[in-house]
Amino acid sequence: MKIDELYALLRRRGFLWPTAEIYGGAQGLYDYGPLGRALKRRLEEAWSAWFVGRSWDYYRIEPTEIVPEAVVRASGHLENFTDPEVTCATCHGAFRAETVLEKVRPDGIDGLTPPQIEEIVRSSHVRCPNCGASTLSVPEPFHLMFDLPFGVRGGERAYLLPETAQSSYLAFARMREVGRKALPLGIAVVGRAYRNEIAPRQVLFRMRAFTQAELQIFFDPAEPPGAPGASASETIPVLRADRRARGEGSTERLSAAELVASGLPAFYVDHLVHYYQFLRDVLGYPAERLRFLEKSERERAFYNRLQFDAELHLESLAGAKEIGAVHYRGDYDLTRHGAASGRDLSVVRADGQRVVPHVLELTFGIDRNLWALADALLGVEGDRTVWRLPPYLAPIAVGVFPLIAKEHRPFAQHLAEELRSAGIPTEYDEASSIGRRYARMDEVGTPYCVTVDAGTVGDGPERGTVTLRARDSKAQERVPAAEVAARISAALRPPWPPSR
RNA sequence: GCGGGCAUAGUGUAGUCUGGUUAUCACAUAGGCUUGCCAAGCCUAUAACCCGGGUUCAAAUCCCGGUGCCCGCACCA
């Protein structure tokens, strides 16, 4: 579906809508409604079960989203989370200062202040790449972080976290105590991050407040966590950086063993495979729309030693879009926070040697994937609209309907209450025709519908039985009402993560 | 941020150029009747000119500002 159609459907059914909608909305901010919240929660829990549940050494924490300035100074966000821009007074074009000054400053402009950059622009007589005028200037840097006055006097500053990962680095020392174990240690956060984006667009794909799920795995570089054992033969779709550099844009399927043979660390490949299986088997993304795109040294952040972005081809956004990533961040984060805080964040090996742990970061955009689930699995099929969500992700697991409201209402309402008491997300509906009720459930991804009819309440052989309709096949089956709860519960169990 | 385009019920729209009755139609939604297993039919109801200012006897319509959305550029450590 196109972006507008998909967004309209999600708004209409109460999945999400713009924040402050009655005031015309606020760019880059969205609220989730009942169904959206339910889907988001299930997505978060599925992620947590798959990634955090993989090891007894992995823990999920719930940190705050406001941090003192020292944190973002140490992390490098304060100085690096802005990109100096050059604007042209003649044509109003805006360009990255680094690009404009490429010839004059081949080494780049890292660390220079805006006045210094402006001085270079002026003294070197650089012309506007767009209109050729020499009217370029450097505006005040645009800050991508939200800052807040903090404390009673407001003299200190605090910031809304621009990424949840920092919380895990801050928690590392405490969690070493809490976990009482040797490395590896995994710290997971599902939480909000905030960025004052210049141009939020494409609904859930560029937001100013968004939810990330991130697992940071801290490990001794001498003993990296995991290697593709049983999954060595699993193939994953990848686009390597060297092939892209040669202009080859096609994805290839390589086995874990091949990726290791090509020089990627085994533990890294292991996590790529594990990540891929989550996207394909748990979320149900079509394999042919997935790929892992390797970022070149130029493209990735300087502290990342390896970076593969998980991408899904989205019809609504007309292209492959990043839905997650696997970053090998080395010891950058703990070294920075160690130095800035004065705390020694290194760990002692069995032989007495100290080492600063390395970090493997598995990051997953919750909002983006919520949208991606709609894009990839929700569509118009002939005369109906169906969202083929995996049952354990569906906001509503079962719809209960009386075929004729007047006659079958008591039985149907009672059954709906029972299912709800059993912990099954249930919807009861008796409005309009039975076909329309099925259709309403199909478009929000409800995997099962139960209908109470004359047979259920009659005296014949069908007494006490109901029809159980499957969303995907539209097939109906006659089952005893007493068995419905067990049948549906079984289908709501998510796939278990492969343990290490 | 820059440039271009757009903004009318929940959705899609007519009307805007050329200002003038109670703002068109369809679907959706709610209630009723009927039917009784896949968006059927009939009746009824709810429901909109993005916000603010200006011009005018009169503004959905013209002008200005703002906001939001779409496309392109830029940005997305």
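Order of the sequence lines fixes the chain letters, A, B, ..., with proteins taken first and strands second; residue numbering starts at 1 for each chain.
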Watson-Crick or G-U wobble partner of [N], both distances under 3.5 Å:
N	value
U16(B)	none
U22(B)	none
A40(B)	none
G10(B)	C27(B)
C2(B)	G72(B)
C50(B)	G66(B)

Distance between the [atom1] atoms of [N] and [M], in whole angstroms?
N	M	atom1	answer
G41(B)	U22(B)	C1'	30 Å
U34(B)	G10(B)	C1'	27 Å
U24(B)	G5(B)	P	31 Å
A14(B)	C37(B)	P	40 Å
U8(B)	A60(B)	P	15 Å
G20(B)	G15(B)	C1'	13 Å
G54(B)	U61(B)	P	14 Å
G72(B)	A26(B)	C1'	34 Å

(request) Check the angle between the aromatic planes of Tyr169(A) and His337(A) and answer parallel, tilted or perpendicular using the 30° and 60° thresholds. (result)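 Plane angle between 30° and 60°, so tilted.
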(message) Parallel, tilted or perpendicular: which one describes the rings of Phe219(A) and His358(A), with boundaries at 30° and 60°?
(response)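 The rings of Phe219(A) and His358(A) stand perpendicular, inter-plane angle above 60°.
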Quick one: [X] [atom1] to [N] [atom2], roughly how many Å, whole number?
X	N	atom1	atom2	result
Glu197(A)	A74(B)	CD	P	16 Å
Arg12(A)	G12(B)	CZ	P	11 Å
Leu16(A)	G10(B)	CG	P	17 Å
Arg13(A)	U11(B)	CZ	P	15 Å
Leu204(A)	C69(B)	CG	P	13 Å
Met1(A)	C70(B)	CE	P	17 Å
Asp309(A)	C76(B)	CG	P	14 Å

(request) For Arg201(A), answer base if it contacts any base atom (sugar-phosphate contacts may also be present), sugar-phosphate if it contacts only those atoms, and nothing otherwise; contact means non-hydrogen atoms under 4.0 Å. (result)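 Contact class for Arg201(A): base.
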(message) Base, sugar-phosphate or nothing for Tyr303(A)? Non-hydrogen atoms, less than 4.0 Å.
(response)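 The residue Tyr303(A) makes base contact.
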(message) Between Arg206(A) and Ala26(A), which residue's closest nucleotide on RNA chain B lies nearer the 5′ terminus?
(response)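 Taking each residue's closest nucleotide, the earlier one in sequence belongs to Ala26(A).
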(request) Between Asp4(A) and Gln166(A), name the one whose nearest nucleotide on RNA chain B is closer to the 5' end. (result)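 Here Asp4(A) is the residue nearer the 5' end.
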(request) For residues Asp429(A) and Phe401(A), report the shortest heavy-atom separation together with the two atoms involved. (result)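 Residues Asp429(A) and Phe401(A), closest heavy atoms: O-CD2, 3.3 Å.
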(request) Assess the pair Phe267(A) and Tyr328(A): is the distance between their ring centroids shorter than 6.0 Å? (result)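 For Phe267(A) and Tyr328(A), the ring centres are under 6.0 Å apart.
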(message) Please enumerate all residues that pass side chain to side chain donor-acceptor pair (under 3.5 Å) together with Tyr448(A), with sequence neighbours excluded.
(response)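 For Tyr448(A) there are no side chain to side chain donor-acceptor pair (under 3.5 Å) partners, ignoring immediate neighbours.
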(request) Determine, for nucleotides 32-38 of chain B in 5'-to-3' order, which nucleotides have protein heavy atoms under 4.0 Å from the base (write B), from only the sugar-phosphate (write S), or from neither (write -). (result) --S-BBB
(request) Output yes when at least one side-chain N/O atom of Arg11(A) is less than 4.0 Å from OP1 or OP2 of U11(B), else no. (result)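 Checking Arg11(A) against U11(B): at least one side-chain N or O falls below 4.0 Å of OP1 or OP2.
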Side-chain donor or acceptor of [X] paired with backbone N/O of [Y] under 3.5 Å:
X	Y	answer
His77(A)	Arg73(A)	no
Asp333(A)	Val359(A)	no
Arg157(A)	Phe150(A)	no

Nearest to the side chain of [X], heavy atoms from C-beta on, is which of [options]?
X	options	value
Glu443(A)	A39(B), C70(B), U29(B)	A39(B)
Tyr30(A)	A30(B), C69(B), C70(B)	C69(B)
Gln27(A)	A30(B), C69(B), C70(B)	C69(B)

(message) As a test of understanding, state which of Ile396(A), Leu415(A), Leu419(A) forms a side-chain contact (heavy atoms from CB on, under 4.5 Å) with Thr426(A).
(response)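 Per the side-chain contact (heavy atoms from CB on, under 4.5 Å) rule, the option paired with Thr426(A) is Leu419(A), out of Ile396(A), Leu415(A), Leu419(A).
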